[in-house]
Amino acid sequence: MDYFIIVITTAAGLYFHWWLYVRIKRWMDRDLALSLAEGDKAKQAFMLEQLALAREAGIKRRQLPDWLRQAADHYQAQG
């Protein structure tokens, strides 16, 4: 019974740390997209859409800042 408790507790702890890590990565990506919007509400919505498109396209996290900057520049060129 002791081993069962140890296994369950360890598994729950590992899952919680993984879940927290994933949430923090998402928050950082969202903050990056919103910071590139420079407080403009319409641009914030556009940047969040671009972030969703980047996730769907499978853009790597290392490439994400450059990809989002290009999207922000493209928005300025449109407007």
Notebook entry, point to check: Do the charged groups of Arg69 and Asp66 touch, with an N to O distance under 4.0 Å?
Noted result: yes
Note to self: Looking at every heavy atom in both Gly39 and Gln44, which two are closest together, and how far apart are they?
What the structure shows: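 Result for this residue pair: CA-NE2, 3.8 Å.
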Notebook entry, point to check: Which atom names give the shortest non-hydrogen contact between Ala37 and Met47, and what distance separates them?
Noted result: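 Nearest heavy atoms, Ala37 then Met47: CB-CG, 4.2 Å.
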With rounding to the nearest 0.5 Å, note down the distance linking [atom1] in [X] to [atom2] in [Y].
X     : Y     : atom1 : atom2 : value
Leu36 : Asp31 : CG    : CG    : 11.0 Å
Leu51 : Leu64 : CG    : CG    : 6.0 Å
Trp67 : Leu32 : CH2   : CG    : 11.5 Å

Next item on the list: Check whether any side-chain heavy atom of Tyr75 sits under 4.5 Å from a side-chain heavy atom of Asp40, and report yes or no.
Entry: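 Yes. Closest side-chain heavy atoms under 4.5 Å.
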Check: Is the count of non-hydrogen atoms from other residues, nucleotides or ligands lying under 6.0 Å from Arg30 atom CZ greater than 12?
Finding: no
Notebook entry, point to check: Is Arg61 atom CZ crowded by more than 12 heavy atoms from other residues, nucleotides or ligands, each under 6.0 Å away?
Noted result: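 More than 12 within 6.0 Å, yes.
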In residues 3-23, what donor-acceptor pairs under 3.5 Å come from side-chain atoms, sequence neighbours left out?
| from | atom 1 | to | atom 2 | distance (Å) |
| --- | --- | --- | --- | --- |
| Thr9 | OG1 | Ile5 | O | 2.7 |
| Thr10 | OG1 | Ile6 | O | 2.7 |
| His17 | ND1 | Gly13 | O | 2.7 |

Note to self: Please tell me whether Leu68 and Leu48 are part of a single hydrophobic cluster in this structure, the criterion being side-chain heavy atoms less than 4.5 Å apart.
What the structure shows: no
Next item on the list: Begin with the C-alpha distance, continue with both residues' side-chain angles, and end with the deciding distance and a verdict on side chain to side chain contact (heavy atoms under 4.5 Å, CB included) for Arg26 and Arg55.
Entry: CA-CA 10 Å; Arg26 287 182 187 168; Arg55 285 184 181 149; 3.9 Å; yes
